[in-house]
Amino acid sequence: MRSIVYLIGAGPGDPGLITARGLQCLAAADVVLYDHLVHPRLLRNARADAEKINVGVAAPQPLEQEAICYLLVEKAREGKIVARLKWGDPFIFDRGGSEALFLHEQGVRFEVVPGIPVGIGATSYAGVPLTYPGAGDTLTFVRGHEDEGKTRAAVDWTSLARLDGTIVCYAGPDQLPHMLGALLSHGRPPNDSAALVYNGTLPTQETLVGSLEEVAHAVRQSSDRRPAVLVVGRVAALREHLRWFDARPLFGRRILVTRPRDQAAELVELVEAMGAEAIEAPMIRIVPPDDYGPLDEACAHVDRFDWIIFSSANAVDAFMQRLQASPLDLRALKGVRLCAVGPATAERLSPYGLKIDLVPSEYRGEAVLQAISQVGDVRGLKVFLPRGNIGREVIADGLRKLGAEVSEAIAYRTIVADTEREGEPDIYRMLLERRIDVVTFTSASAVRNFVKILGAEPAADLLRTTVVASIGPVTAEAAAQLNIHTTVMPSSYTIPALVDAIVEYFEKQKKEK
């Protein structure tokens with residue numbers, strides 16, 4: 001029988017904390033029912049044609065627990081593979097046990113995929129080990145937020161307060177003051193260490209550390225309505241020495257990534273590894289050309305060329321797809337020399353087992369002309385450039401002036417991305433409210449489309465007070481022509497170098513303060 005319900009723990013926030021088994025089950029699902037706290041990026045691991053249903057409190061029409069159970073059964077009986085994506089762990093202070101029992105009673109196959117509970121994930125990211133030699137022999141988890149309408153947990157506070165060990169609780173703003181007060185009034189020492197972790201494992205994580213009495217006072221005085229993980233015990237004092245997540249160089253920074261979504265992974269992963277929150281708002285989309293005829297013609301007679309110059313990874317992808325779709329294959333490239341503009345482009349060629357003859361030291365058109373000229377006489381060479389529909393003509397025009405016979409074909413088109421789709425961030429408002437620290441541009445077309453979407457004057461005005469990071473001089477020049485000043489530009493024009501340059505900029509700013 002094919003149908004099954006996977007009860008998957010998505011972890012406490014960071015999308016990288018889901019298990020390999022969880023991702024495998026999610027990718028296989030026909031239907032995904034998810035909690036509103038599950039990170040949106042996790043849903044990209046589901047199939048494009050999978051039905052996705054938000055059943056949490058932030059959904060347009062949130063479902064009651066009984067309705068969720070019946071929906072799981074209904075979808076499974078339709079023969080579907082169902083992924084029930086749950087925040088944290090399904091079986092720890094969650095309704096996963098209720099859902100599993102209902103599925104069992106209805107005769108529906110299910111599998112439980114454990115996840116990292118918030119009480120473990122958030123504290124680890126805050127630098128608080130829940131157990132430590134000399135910090136007591138007990139670890140107690142207290143339910144504080146499973147029942148939204150219940151502000152007081154039924155706990156023997158006297159016995160709990162006397163335990164020599166660590167107490168962990170995920171609780172809402174209505175439960176926290178009571179819990180802290182109950183521990184103090186039932187004998188927990190006021191000077192015992194305590195920590196509160198808000199938005200655990202996310203780039204917006206905040207941690208408050210102090211004595212139990214100090215934390216309790218801060219909570220009573222606060223108007224913060226966010227839930228938090230409360231840790232009480234000697235281990236909380238270790239955060240001062242063990243904090244790592246919020247000590248990273250870009251922690252708390254919001255960085256706008258304008259690359260096409262299917263090419264943004266490297267930049268997103270690198271800025272998040274440095275602690276930043278990546279705001280994905282692609283300004284461009286890569287689509288096929290209107291007519292593959294010229295590219296197919298070049299592929300059919302590719303062996304007549306002396307050189308093929310790939311100026312981007314997109315050009316590599318498009319050319320290789322059409323070559324392999326033609327009657328020829330990679331053997332037709334025997335004797336054809338290959339030039340890749342930049343290491344990312346060269347890397348895209350490597351899976352095909354092709355030797356790259358030339359990678360210019362600088363990743364721009366002028367450097368390509370100089371590098372090819374140094375290899376030998378350009379006159380009479382037959383050169384092919386698969387390229388995008390927009391961009392500079394420096395390479396083609398320069399080679400023609402040097403006497404080469406240049407053929408070009410549009411291999412892909414760059415178009416303006418749809419920024420008004422549901423779920424896309426409101427970039428204009430975020431920039432207006434100064435909620436973005438860095439805007440990154442990795443191509444001239446991304447700059448031009450950014451301006452096209454926001455308008456020339458608003459774009460220039462909004463970016464006047466924002467750090468703009470351009471990957472190289474061509475991109476920076478395109479920005480300058482639109483009255484946008486580039487603040488950060490790496491010396492080598494790669495994604496890792498761009499991230500390093502952003503880190504260096506903020507470290508320098510910190511030293512100057």
Side-chain angles (χ1 to χ4, degrees), residues 8-23 26 34-45 56-58 85-94 96 113-131 139 141-146 166-173 176 194-209 215 224-232 235-236 238-255 257 265 268-280 437:
I8 305 170
D14 182 343
L17 293 181
I18 191 172
T19 64
R21 178 60 179 163
L23 283 179
L26 177 58
Y34 61 96
D35 293 342
H36 76 283
L37 287 174
V38 168
H39 200 291
R41 198 180 302 158
L42 276 180
L43 297 177
R44 296 182 200 165
N45 295 284
V57 295
L85 202 55
K86 301 181 73 65
W87 187 68
D89 179 88
F91 275 13
I92 296 184
F93 296 145
D94 194 273
V113 183
I116 296 175
V118 64
I120 292 175
T123 51
S124 294
Y125 273 49
V128 177
L130 295 186
T131 63
L139 172 60
F141 289 91
V142 179
R143 182 186 62 77
H145 202 62
E146 181 185 6
T166 305
I167 301 168
V168 182
C169 175
Y170 178 73
L176 277 172
L196 273 180
V197 186
Y198 295 95
N199 293 341
T201 78
L202 295 173
T204 52
Q205 177 177 299
E206 294 178 35
T207 305
L208 170 67
V209 177
V215 170
D224 198 325
R225 299 298 298 168
R226 295 175 297 173
V229 174
L230 169 66
V231 184
V232 178
V235 292
L238 291 170
R239 167 176 157 77
E240 181 183 349
H241 309 286
L242 302 182
R243 57 180 294 207
W244 60 273
F245 181 64
D246 53 4
R248 294 177 299 172
L250 294 180
F251 183 79
R253 304 287 182 184
R254 289 190 178 97
I255 297 181
V257 176
V268 168
E269 288 170 7
L270 286 174
V271 299
E272 290 189 344
M274 292 292 112
E277 177 182 2
I279 310 293
E280 293 187 67
D437 298 290

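Nothing fancy with the numbering, it's 1 onward along the sequence.
Here Asp35 pairs with Arg84 under the side-chain hydrogen bond (donor to acceptor under 3.5 Å, both in side chains) rule; sequence neighbours left out. Remark: Arg253 engages no residue in a side-chain hydrogen bond (donor to acceptor under 3.5 Å, both in side chains) (not counting sequence neighbours). Under the side-chain contact (heavy atoms from CB on, under 4.5 Å) criterion, Pro249 pairs with Met274, Val503, Glu507, not counting sequence neighbours. Applying the side-chain contact (heavy atoms from CB on, under 4.5 Å) criterion to Thr131, with sequence neighbours excluded, gives Leu139. For Arg41, the salt bridge (Lys or Arg N to Asp or Glu O under 4.0 Å) partners are Glu272, Glu280, not counting sequence neighbours. In terms of the side-chain hydrogen bond (donor to acceptor under 3.5 Å, both in side chains) criterion, Gln205 has no residue partners (sequence neighbours excluded). For the ring-ring contact (aromatic ring centres under 6.0 Å, His included) test, residues two or more places apart in sequence or in another chain that qualify with Phe251 are Phe245. For Tyr34, the side-chain hydrogen bond (donor to acceptor under 3.5 Å, both in side chains) test picks out no residue, with sequence neighbours left out. Residues passing the salt bridge (Lys or Arg N to Asp or Glu O under 4.0 Å) test with Arg226, sequence neighbours excluded: Glu206, Asp224.
No donor-acceptor distance shorter than 3.5 angstrom exists from the side chain of Trp87 to the backbone of Asp94, with no hydrogens or angles considered. Between the side chain of Arg254 and the main chain of Ile279, no donor-acceptor pair closer than 3.5 Å is present. In terms of modelled atom types and a separation under 3.5 Å, the side chain of Arg248 and the main chain of Ala273 share a donor-acceptor contact.
Within the 4.5 Å cutoff, side-chain heavy atoms of Phe141 are placed close to those of Phe93. Ile18 has its side chain within reach of Leu85: a pair of non-hydrogen atoms, C-beta onward, lies under 4.5 Å apart. Between Pro12 and Leu17, the closest side-chain pair of non-hydrogen atoms falls below 4.5 Å.
Leu250 and Val271 get closest at one heavy-atom pair: CD1-O, 4.5 Å. Contact detail for Ala236 and Val209: the closest heavy-atom pair is O-CG1, 4.1 Å. Between Val38 and Ala10, the shortest heavy-atom distance links the atoms CG2-CB, 4.1 Å.
Each of Thr207, Asn199, Val197, Thr201 was compared with Tyr125 under the side-chain contact (heavy atoms from CB on, under 4.5 Å) criterion, and only Thr201 meets it.
Rounding to the nearest 0.5 angstrom, the gap separating the CG atom in Leu208 from the CG atom in Leu230 is 10.0 Å.
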Validation: residues 116-123 side-chain donor-acceptor distances under 3.5 Å, sequence neighbours left out:
{"from": "Thr123", "atom 1": "OG1", "to": "Gly119", "atom 2": "O", "distance (Å)": "2.7"}
{"from": "Thr123", "atom 1": "OG1", "to": "Ile120", "atom 2": "O", "distance (Å)": "3.0"}

